[in-house]
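The structure appears below as structure tokens.
Every chain is numbered from 1, with letters handed out A, B, ... down the list of sequences.
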Amino acid sequence: MSGDPPIRDRLVRLLEEGTQDSDVELGDDTSLIRSGLLESLGLFRLALWIEKETGSKLDLESLDPAKEWDTIQGILTFVAEHREG
Amino acid sequence: MKTDYEIVSYQPDFRKEVVELQKNLWSPDPELNAAYLEWKHERNPYLQPPLLYLALHGKKVVGMRSMFGVRWEFGIPAKKMSGICPDDLVIAPEHRNRGLITIMMKSAFDDLEKRGYPYVFSLSAGRITRLGSLAMGWRSAGSMQPQHWHSRRAAYFQRIRNLAGKTRLIWRYADKLPYRHWGKSQAPLHELSNPQGMRPRIFGSRISVEQRVRAGEMANLISRIGHDGRIRHVRDEEYLSWRFRNPLHRYLFLYWEEKDLEGYLVLQQYVSEFSPSRVRVNIVDWEATSLRVRAGLLRAAIHLSPFVDLNIWTATIGAETKNLLQDIGFQPVHEGAGVDQEQPCLLVRSVRADVPEAEWSLGNRRVQDMANWDIRMIYSMQG
């Protein structure tokens, strides 16, 4: 919808909520998962967000979050590649 | 990421704090938690001293990741190997989302590598831990494909009660209907035990229902039935004697006896207030020398009580047994796809990060392939 903020802004807002106790500034190449910045509930919320954005359920048997979602750019690429339609 | 945490191994001095921390996971009852810690870790037959990684903040225990010992067997003739299953991941609420899980697991994997463990396996992960594990290099070998059976009688009376509760004038009598608690909680399994044996007219005189685990006879039966070489737990007398003492669960044993024990079926229910379900009863182990005995035990279990929700994992059971379950009325638990679904699954990981996934194997059996496993719910702490 035209009133929605761009996807990158929505993603950054979500990640900032999930990493609020951290001092790390989020950039496109900041390591989110391998660094341990995002884990547990924050990671779970990210996965739900990705499912919502792509309109499809994640296949857990082939999922490799540390490889595919470690950076903002990686997440955006994943969403673009898995978006339905 | 904050790094003001210290990862240490469990020592008995930490016992009280661990029991307290586990009020976030095991149960709100510290005595029950203490009993569980003692059973699962301090009395584990395969891993002594206990292997629990604790995160300290200052001098306070704020996180824990435990490993419990198991013994695998695989191949023909069976090769046996000690192993570990990571379990019980808990972080104090005020320390969550600070990278502590990653710190603890990195420390744990470094230590496990030094101890020489090649792989870790998990059959008990909930949906959040499952996703976190995948992010740390674990792989899912697939769902346990749970199936469940519902009592038609229970469902019927539930519908009657619901209808009565909404009907003018008679709603006040709804709570006086028989079976009014169905759907909320299952009666304790132990109440179903009958030392005199079950009603002969239905079950014959060969099946007895007991609270007592006959570990020696069960182990002997498992040994007599043999092994097809798939990866499974060693279920010897020592293991079975230990396994069914879990204080967070209740167990009930159905035995089929002729000259020797010819089969058994173990039912389990949860005790803790934090349990996944107050009504669920699980079939956690089931062995028999023939399909006739297997079917007899299952039918006897069904007739024991009008179970609201009787569950079993079916991912690795044979076609004959699957057909039997279907004939009796078991149906697949609806497992939606996606991260939000609680799906019991097998997670595996090489302890060393530099071993390619294609090489993860026990014997010549690839551990990520569910076809190479023979899994019972008792291998998991869900059972």
Decide whether A/Glu61 and B/Ser140 meet the rule of one side-chain donor and one side-chain acceptor closer than 3.5 Å.
no
Checked B/Gln368, B/Met136, B/Arg127 vs chain A; the most non-hydrogen pairs under 4.5 Å come from B/Arg127
Check whether any side-chain heavy atom of A/Leu63 sits under 4.5 Å from a side-chain heavy atom of B/Leu131, and report yes or no. yes
Of the listed A/Glu68, A/Lys57, A/Glu39, A/Arg34, the one with the largest count of heavy-atom pairs under 4.5 Å with chain B is A/Glu39
Item checked: Heavy atoms of other groups near B/Glu357 CD, more than 12 under 6.0 Å -> yes
* Is the shortest distance from a Lys or Arg side-chain nitrogen in A/Asp64 or B/Arg139 to a carboxylate oxygen in the other one below 4.0 Å? -> yes
A/Lys67 atom NZ, neighbour heavy-atom count above 12 within 6.0 Å: no
Of the listed B/Gly142, B/Gly132, B/Ser133, the one with the largest count of heavy-atom pairs under 4.5 Å with chain A is B/Gly142
_Are there over 12 heavy-atom neighbours, none belonging to B/Arg230, within less than 6.0 Å of that residue's CZ?_
yes
Heaviest contributor of heavy-atom pairs below 4.5 Å to chain B, chosen from A/Leu60, A/Leu41, A/Asp70, is A/Leu60
Of all heavy-atom pairs linking B/Ala135 and A/Leu43, the shortest is CB-CD2, 3.5 Å
Give a yes or no on this: more than 12 heavy atoms of other residues, nucleotides or ligands lie within 6.0 Å of atom CG of A/Asp9. yes
